[in-house]
Amino acid sequence: MALKFYNSLTKKKEIFTPLHEGRVTLYVCGPTVYDHPHIGHAKSYVSFDVIVRYLRYLGYKVRYVQNITDVGHLTDNADTGEDKIVKRAQREHVEPAELVEIYTRSYFEDMDALNNVRPDISPRATAHIPEQIELLEKLIEKGYAYVSHGSVYFEVQKFKEYGKLSGRKQEELDAGARIEINPEKRNPSDFALWKRAEPGHIMRWKSPWGEGFPGWHLECSAMSMKYLGQTIDIHGGGLENIFPHHECEIAQSEAANNQPFVRYWIHNNMVTVNGQKMGKSLGNFITLKDAFKKYRPLTVRFFILTTHYRSPLDFSNEALDAADKGLERLYNTIQHLRERLAYAQDGSTPPHLYERLEHYKKAFIEAMDEDINTSDAIAVLFDVSKEVNTLLNSGEEIGKKCLEDIHALYQQLGGDILGIIPDVLESEQKGETDTLKNIMGMLIDTRCELRKAKQWQLSDFIRNKLLEVGITLEDKPDGTVWRKIK
RNA sequence: GGCGGCAUCGCCAAGUGGACUAAGGCCACGGUUUGCAAAACCGUUAUCCUGGGUUCGAAUCCCAGUGCCGCCUCCA
């Protein structure tokens, strides 16, 4: 068994081996913080979060870097648009720095809600201007970049391997169906490394070529080199960034360093909404904050993971509702397990229990090894639940140790690796619990007496009323349990 | 126009040459359990877009067709 990744560069699944044994360097293209994060961000970052979690589970020491783009991302790729940050700051009448702060916080807030582990380093482009300038100087010195009217461009023709990731041919690029001719460039496909700041442009830094600001592609090269070295193990990002962003990163980095930039390129697929591409211009944009009003963040996470990261994900209410119910099913089992655990005693081990647990664990790991097949991995969790439910309902005494070990399996696979099983379920949440628990205890005791006396009308009345306030009762052979529902 | 991807049960979605008489979830129906429920369990539901081909053997490979989608503007 070995972990395999589909490498976009070679277009093949490959067994993963890190450059340095036991350590993995991972860079994922982070957000441009000019708006609230949307469900597309969620798919991308949940996907890579699970990859990071799994690598760590396998025992690798992972350094996970994910940038925050706070300058240089233009509104189009022809190097002629406005800076997104500047544009949006003007619209919202705030300082660019303020805007960046607002949306960076919003970003982390939503990622935290999705239970993504924070990157080890979240470097900002504006905090790495010297590193970027240094890289530029190196590229100019080596003849890959040229200065033109205070801007610096990368001369694509000089880098023979340009196109190796995206499959674009040099000639096609120059034919440039939609690239506007920029007279400052030697060739239409050359891309900006550094842009001259026009008078009145707010975000500007001093450079050997006058005041300006860095191009979007440059930051990722500079920052990944700084924190992860000249060759990194994994670079991740959305499919749509293969061209031009990642192609440009390769060109800059490899031209500067004369060695491979990335060993495994991993790209996640896109989100559609009701079968349609999600885009700003189409107006079918769903922010996470909006999605969370309707669905729990972990439902969104679970939903994302039911599809493979390289497949497109269609976001629809029906699909989310189905995911939510499925997740609820998993949670029910876990809650019952935890309740049972609370009063379990030492006792016997059900026959073959440990063989079964081992079997499921193995199946789960095999799924994850196969290019992070979370869909299969989740199916394994449902298989486990089926068996555990049967066991819990069997009426047999189960030793505490066994219950703990079952629970540990869930925590490891569903909790640590997939991040869909929290330590405390919503239905178990504290807060008002002490009071609530007491009141519920009273109600359940009362109702229990009523049921003994076959006062069905009254006992059903209590149950229905509780349901109205979002609490469901389940009468089990060994007593009544309650839980909050959504 | 160039490049790439996808098409599997009512819906979502794994599987990419042989344990597939195709996983898992949702929905539906029947049953067990229950005072009735809930939860849970059991059962029922597909030959894999179409047509050719390769192979002892294909959902899985090749060719053609049809349909959908993405990138080359915005966007993870």
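Below, chain A is the first sequence line, B the second, and so on; all start at residue 1.
A centroid separation of less than 6.0 Å is found between the aromatic rings of A:Tyr227 and A:His128. A:His267 has its ring centre less than 6.0 Å from the ring centre of A:His246.
B:rG43: Watson-Crick or G-U partner is B:rC29, with both key distances under 3.5 Å. Remark: B:rC9 base-pairs with no nucleotide in the shown strands. Criterion, Watson-Crick or G-U wobble with two distances under 3.5 Å. Nucleotide B:rG57 has no partner under the Watson-Crick or G-U criteria, as no pair reaches both atom distances under 3.5 Å. Across all strands shown, B:rU73 remains unpaired; no Watson-Crick or G-U wobble contact has both distances below 3.5 Å. B:rA23 is unpaired under the Watson-Crick or G-U wobble criterion, no partner having all donor-acceptor distances under 3.5 Å. Nucleotide B:rC49 forms a Watson-Crick or G-U wobble pair with B:rG65, both donor-acceptor distances falling under 3.5 Å. The pairing partner recorded for B:rG17 is none, the criterion being a Watson-Crick or G-U wobble arrangement whose two distances lie under 3.5 angstrom.
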Would you mind building the protein contact string for nucleotides 25-37 of chain B? One character per nucleotide, 5' to 3', B for base within reach (heavy atoms under 4.0 Å), S for sugar-phosphate only, - for untouched.
SSS-------BBB
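Spacing of P atoms, B:rC41 relative to B:rC62, comes out at 40 Å, to the nearest Å. Between B:rA23 and B:rC69, the two C1' atoms lie 26 Å apart (nearest whole Å). B:rC49 sits 13 Å from B:rC6 when the P atoms are compared, rounded to a whole Å. The separation of B:rC9 from B:rA19, taken at their C1' atoms, amounts to 22 Å, rounded to a whole angstrom. Comparing B:rA7 with B:rC48, their P atoms are spaced 14 Å from each other, to the whole Å. Comparing the P positions of B:rC29 and B:rA37 gives an interatomic distance of 14 Å, to the nearest angstrom. To the nearest whole angstrom, the two C1' atoms, one in B:rU60 and one in B:rG53, are 15 Å apart. Of the P atoms belonging to B:rA22 and B:rU47, the separation is 10 Å, rounded to the nearest Å.
Map A:Asn268 and A:Lys277 each onto its nearest nucleotide of RNA chain B; the residue landing nearer the 5' end is A:Lys277. The residue among A:Asn389 and A:Ile378 whose nearest nucleotide of RNA chain B is located toward the 5' end is A:Ile378.
Residues A:Ile421 and A:Leu413 are not in side-chain contact: their nearest non-hydrogen atoms beyond the backbone lie 4.5 Å or more apart. Side-chain contact check for A:Tyr107 versus A:Ser122: every heavy-atom pair is 4.5 Å or farther apart.
A:Lys185 and A:Ser151 share no side-chain donor-acceptor pair at under 3.5 Å. A donor-acceptor pair shorter than 3.5 Å cannot be found between the side chains of A:Tyr103 and A:Asp70.
The distance between atom NE2 of A:His267 and atom P of B:rA76, rounded to the nearest whole Å, is 13 Å. We find that NZ of A:Lys13 is positioned 12 Å from P of B:rA14, with the value rounded to whole Å. One atom, CG of A:Asp314, and another, C1' of B:rC6, lie 13 Å apart when rounded to the nearest Å. In this entry the distance linking CG of A:Asn269 with C1' of B:rA7 reads 14 Å, nearest Å. Protein atom CG of A:Asn274 is 11 Å distant from nucleotide atom P of B:rC12, rounded to whole Å. Distance, A:Met270 CE to B:rC72 C1': 13 Å, rounded to whole Å. Rounded to whole Å, atom C1' of B:rA76 lies 12 Å from atom NE2 of A:His235. Atom CG in A:Leu425 sits about 16 Å away from atom P in B:rA39, given to the nearest Å.
Contacts of A:Val380 with the nucleic acid, taken as non-hydrogen atoms under 4.0 Å apart, are absent. Using a 4.0 Å heavy-atom criterion, one finds that A:His308 contacts the sugar-phosphate atoms exclusively. Looking at heavy-atom distances under 4.0 Å, A:Ser375 makes contact with a base. Across all strands shown, A:Ser311 has heavy atoms under 4.0 Å from sugar-phosphate atoms exclusively, and none from any base. Heavy atoms of A:Gly40 sit under 4.0 angstrom from at least one base atom. Among the atoms of the strands shown, only primed sugar atoms or phosphate atoms (P, OP1, OP2) are found under 4.0 Å from some heavy atom of A:Asn393.
Taking the syn range as angles within 90° of 0, the glycosidic angle of B:rA19 is syn.
Here the CZ-CZ distance, from A:Arg301 to A:Arg296, works out to 14.0 Å after rounding to the nearest 0.5 Å.
Under the salt bridge (charged side-chain N to carboxylate O under 4.0 Å, His left out) criterion, the residue pairs touching residues 460-471 of chain A are A:Asp460-A:Arg463, A:Arg463-A:Asp475, A:Lys465-A:Glu468, with sequence neighbours excluded.
Comparing atom distances between the A:Glu240 side chain and each of B:rC71, B:rA39, B:rA14 picks out B:rC71 as nearest. Set against B:rA14, B:rA76, B:rC41, the side chain of A:Asn241 has B:rA76 as its closest nucleotide. Picking from B:rG24, B:rA76, B:rA39 the nucleotide with the shortest atom distance to the side chain of A:Met278 gives B:rA76.
Note that A:Arg186 lies outside the cation-pi zone of A:Tyr153, set by a 6.0 Å cut-off to the ring centre and a 45° limit from the axis. At least one test fails for A:Arg168 against the ring of A:Tyr162: distance under 6.0 Å to the centre or angle within 45° of the axis.
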